[in-house]
Amino acid sequence: MSNDTIKQILKKTESIGNEISVDGWVRTKRDTKEIAFVALNDGSCMNNLQVIADKSEISEDILHRLTTGASCSVTGTLVESPAKGQAVELQASAIEVLGDCPSDYPLQKKRHSFEFLREMGHLRARTNTFGAVARVRNALTMAVHNFFQENEFFNVHTPLITASDTEGAGEMFQVTTLPFETFDSSKGIDYSRDFFGKKASLTVSGQLSAETYATALGRVYTFGPTFRAENSNTSRHLAEFWMIEPEMSFCDINGDMDLAEDFLKYVLNFVLENCAEDMEFFNKFVQKGIIDDLKAVINSDFTRISYTKAIEQLEASGREFEFPVSWGIDLASEHEKYLTEEVYKGPVIITDYPKDIKAFYMKLNEDGKTVRAMDVLVPRLGEIIGGSERENRHDVLLKRIEEMGLEAEDYWWYLDLRKFGTVPHAGFGLGFERLVQYTTGMANIRDVIPYARSAKNCEF
RNA sequence: UCCCCUGUAGCUCAGUCGGUAGAGCGGGUGGCUGUUAACCACCAUGUCAGCAGUUCGAGUCUGUUCGGGGGAGCCA
């Protein structure tokens with residue numbers, strides 16, 4: 001923690017003329033007869049610090065070892081740069097090589113494909129793109145907490161291991177200490193001998209637990225890892241991902257939509273303000289025009305339409321969809337894309353879905369056919385947020401549980417929330433990696449989390 | 001899980017009608033220039049993903065296994 005980071009050095013022009021020391025990794029070196037130009041990066045920001053290594057000051061041996069990827073500590077004088085391309089540069093008086101980098105270093109000073117870099121999970125953060133993703137991801141994490149804390153939400157740590165396999169959001173990973181080397185399938189499984197004395201799994205959602213705290217603290221949110229054992233092989237799914245789930249008491253579906261809209265605008269704005277350089281990079285090299293897109297979202301009013309209206313629009317479009325449109329179907333990607341990218345050209349919130357295609361806990365409308373669900377759809381990605389007002393009537397919830405073929409006794413504590421001082425409440429869920437994807441324009445979700453876990457993929 | 005595409009040097013790719021391997025970048029060496037993905041010259045580098053088959057002969061054709069990508073479904 002002794003030396004300034006390159007980010008600090010590049011910002012503080014008043015230190016021109018001072019003797020400073022900097023640590024970092026060599027990105028590139030350009031040799032001339034008298035001088036070598038070394039682009040030094042320390043991860044603190046996108047930009048490199050140009051180090052001037054005069055061959056009269058720095059030995060040939062040291063210069064020879066400053067290969068791409070090598071780490072070093074440079075001492076010298078910060079001076080105004082006489083050439084274009086950078087405002088300041090470091091005139092080196094001494095360079096210490098901390099770690100050599102032999103020529104079989106896989107990251108060359110050229111662009112690599114994301115596919116190749118995925119095989120280099122332990123090194124890819126040293127590239128411009130993945131460094132920027134990591135910094136933006138960090139900023140988004142900050143923004144999420146700031147937003148909820150400023151709005152008086154309490155962060156709740158919901159359990160990662162759960163014994164209720166009834167959360168109903170997808171296939172679960174089982175957690176067990178039973179020795180399956182000696183497992184005899186003909187005898188069945190005696191879970192009473194397992195660690196928890198019953199079948200346990202990794203959580204697929206913190207929502208039900210969050211609801212219990214919302215009905216005590218008012219406004220809460222979770223922000224933690226979630227696990228789904230789905231065999232889905234797409235650029236939008238992970239087996240391990242981070243989810244944000246706010247839950248509010250004394251709130252209906254309209255308040256829920258307001259929160260979702262405010263939330264998205266807040267975090268996007270936070271990143272544009274705090275990661276300007278990284279966002280410029282994405283704007284230029286990853287997704288052209290993304291900064292203007294995000295600004296447009298921040299300054300727009302999200303369109304809010306009912307499911308029934310959306311179906312009418314799709315039917316009236318005259319479009320040949322692969323999946324035919326009729327009231328009662330779940331919207332497919334092509335339908336969502338049409339609505340967000342072609343009709344409204346921006347975020348769209350769709351509400352009041354048919355009860356049969358949504359979860360049991362969503363509040364039933366007076367029509368008896370639809371529930372107070374709301375999905376936020378955005379261009380490029382589709383559904384980014386899914387939420388609802390929760391069913392707060394004990395008798396209706398019980399009936400819905402039975403209708404869906406679920407066991408009421410599995411939900412005894414969840415039903416208790418409606419038995420004892422029930423309140424209207426609502427919330428939503430948001431996959432954090434999808435938010436990072438949407439913000440950076442990165443096309444594949446495996447490139448916005450440090451180490452992606454998906455079917456048949458658990459490297460590093 | 002389904003459909004489509006794909007696997008050749010460290011990377012990105014070309015390789016025609018089946019005749020025994022090529023470019024750019026990267027690396028090494030030398031030169032040159034306050035350079036900016038520097039430039040110029042020279043040099044080195046391959047289990048053509050694996051296995052099996054057809055053929056006088058397979059990077060090329062066939063089968064199969066594995067890996068990667070895109071789309072779909074499921075979803076966040």
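Remember, it's a predicted structure, so these values are computed and weren't measured experimentally. Chain letters run A, B, ... following the sequence lines, proteins first and then strands; every chain starts at 1.
- A donor-acceptor pair under 3.5 Å is absent between the side-chain atoms of A:Arg390 and the main chain of A:Lys363, judged by distance alone.
- Contact check, A:Ser235 against B:G71: a side-chain N or O comes under 4.0 Å of OP1 or OP2.
- The existence of a salt bridge linking A:Lys55 and A:Asp31 is confirmed by a sub-4.0 Å separation between a basic side-chain nitrogen and an acidic carboxylate oxygen.
- With a cut-off of 3.5 Å on both pairing distances, the Watson-Crick or G-U wobble partner of B:U1 is B:A72.
- With B:C32, B:G73, B:G69 as the candidates, the nucleotide lying closest to the side chain of A:Ser232 is B:G73.
- Distance check on atom P: B:A23 versus B:G63 gives 33 Å, rounded to whole Å.
- Per the geometry, CG belonging to A:Leu49 stands 18 Å off P belonging to B:U36, to the nearest Å.
- Using modelled atom types, no side-chain atom of A:Thr226 and backbone atom of A:Trp242 make a donor-acceptor pair closer than 3.5 Å.
- Side-chain atoms of A:Arg27 and A:Asn128 form a donor-acceptor pair, as typed in the model, at a separation below 3.5 Å.
- If you check every strand for non-hydrogen atoms under 4.0 Å, A:Phe241 touches a base.
- Each of B:C75, B:G26, B:U12 was ranked by its minimum atom distance to the side chain of A:Gln108; first place goes to B:G26.
- Listed nucleotides B:G69, B:C75, B:A72 differ in distance to A:Arg228; the shortest reach to its side chain belongs to B:C75.
- The base of B:G34 lies close enough to the side chain of A:Glu89 for a donor and an acceptor atom to sit less than 3.5 Å apart.
- Within the 4.0 angstrom heavy-atom criterion, base atoms lie near A:Lys84.
- On the P atoms, B:U60 is 14 Å away from B:A21, given to the nearest whole Å.
- On the C1' atoms, B:G15 is 11 Å away from B:C48, given to the nearest whole Å.
- Between the base of B:C11 and the side chain of A:His112 there is no donor-acceptor pair shorter than 3.5 Å.
- Spacing between atom NZ of A:Lys29 and atom P of B:G27 amounts to 10 Å, rounded to whole angstrom units.
- Listed candidates were B:A38, B:G34, B:C25. Nearest to the side chain of A:Gln86 is B:G34.
- Comparing B:U16 with B:G59, their C1' atoms are spaced 13 Å from each other, to the whole Å.
- Comparing the same atom, C1', in B:U12 and in B:G26 gives a spacing of 11 Å after rounding to whole Å.
- Rounded to whole Å, the distance from CZ on A:Phe37 to C1' on B:C39 is 13 Å.
- Listed nucleotides B:A38, B:G34, B:U33 differ in distance to A:Ser81; the shortest reach to its side chain belongs to B:G34.
- Proximity note for A:His64 (side chain, C-beta onward) versus B:G27, B:U29, B:U35: the nearest is B:U29.
- Taking atom C1' in both B:U47 and B:U33, the straight-line distance is 43 Å, to the nearest Å.
- Straight-line distance from the NZ atom of A:Lys358 to the C1' atom of B:C74: 13 Å, rounded to whole Å.
- A distance-only check finds a donor-acceptor pair linking the side chain of A:Asp54 to the backbone of A:Ser56 [under 3.5 Å].
- Set against B:U33, B:G34, B:A72, the side chain of A:Lys337 has B:A72 as its closest nucleotide.
- A:Tyr353 has its OH atom 12 Å from the P atom of B:C75, to the nearest Å.
- Using a 4.0 Å heavy-atom criterion, one finds that A:Ala39 contacts no nucleic acid atom at all.
- One interatomic measurement links the two molecules: CD1 of A:Ile35 to C1' of B:C32, which rounds to 13 Å at whole-angstrom precision.
- Of the candidate nucleotides B:G68, B:U35, B:A72, B:A72 has the atom nearest to the side chain of A:Ser333.
- The base-pairing partner of B:A37, taking Watson-Crick or G-U wobble contacts with both distances under 3.5 Å, does not exist among the strands shown.
- Put simply, A:Ser113 has a side-chain N or O that comes within less than 4.0 Å of OP1 or OP2 on B:U12.
- Residue-to-nucleotide proximity on RNA chain B shows that, of A:Leu238 and A:Thr68, the 5′-proximal contact is made by A:Thr68.
- On the P atoms, B:C5 is 30 Å away from B:G22, given to the nearest whole Å.
- For the pair A:Glu240 and A:Asn444, nearest-nucleotide mapping onto RNA chain B gives the more 5' position to A:Asn444.
- Atom CG in A:Asn128 sits about 11 Å away from atom P in B:A37, given to the nearest Å.
- With B:U12, B:U36, B:G10 as the choices, the nucleotide that has an atom nearest any side-chain atom of A:Arg30 turns out to be B:U36.
- For the 3.5 Å distance criterion, the side chains of A:Tyr353 and A:Asp375 qualify, holding a donor opposite an acceptor.
- One P atom belongs to B:G50, the other to B:G10, and the distance between them is 14 Å to the nearest Å.
- In this structure, A:Phe323 has its ring center at least 6.0 angstrom away from the ring center of A:His335.
- What separates CD of A:Gln207 from P of B:C75 is a distance of 15 Å, to the nearest Å.
- When each of B:G73, B:G34, B:A72 is scored by its nearest atom to the side-chain atoms of A:Gln50, the top-ranked nucleotide is B:G34.
- Contact annotation for A:Pro106: no contact, since no heavy-atom pair falls under 4.0 Å across all strands.
- Between A:Lys345 and A:Glu341, none of the side-chain N atoms (NZ, or NE/NH1/NH2) sits under 4.0 Å from a carboxylate O, so this pair counts as no salt bridge.
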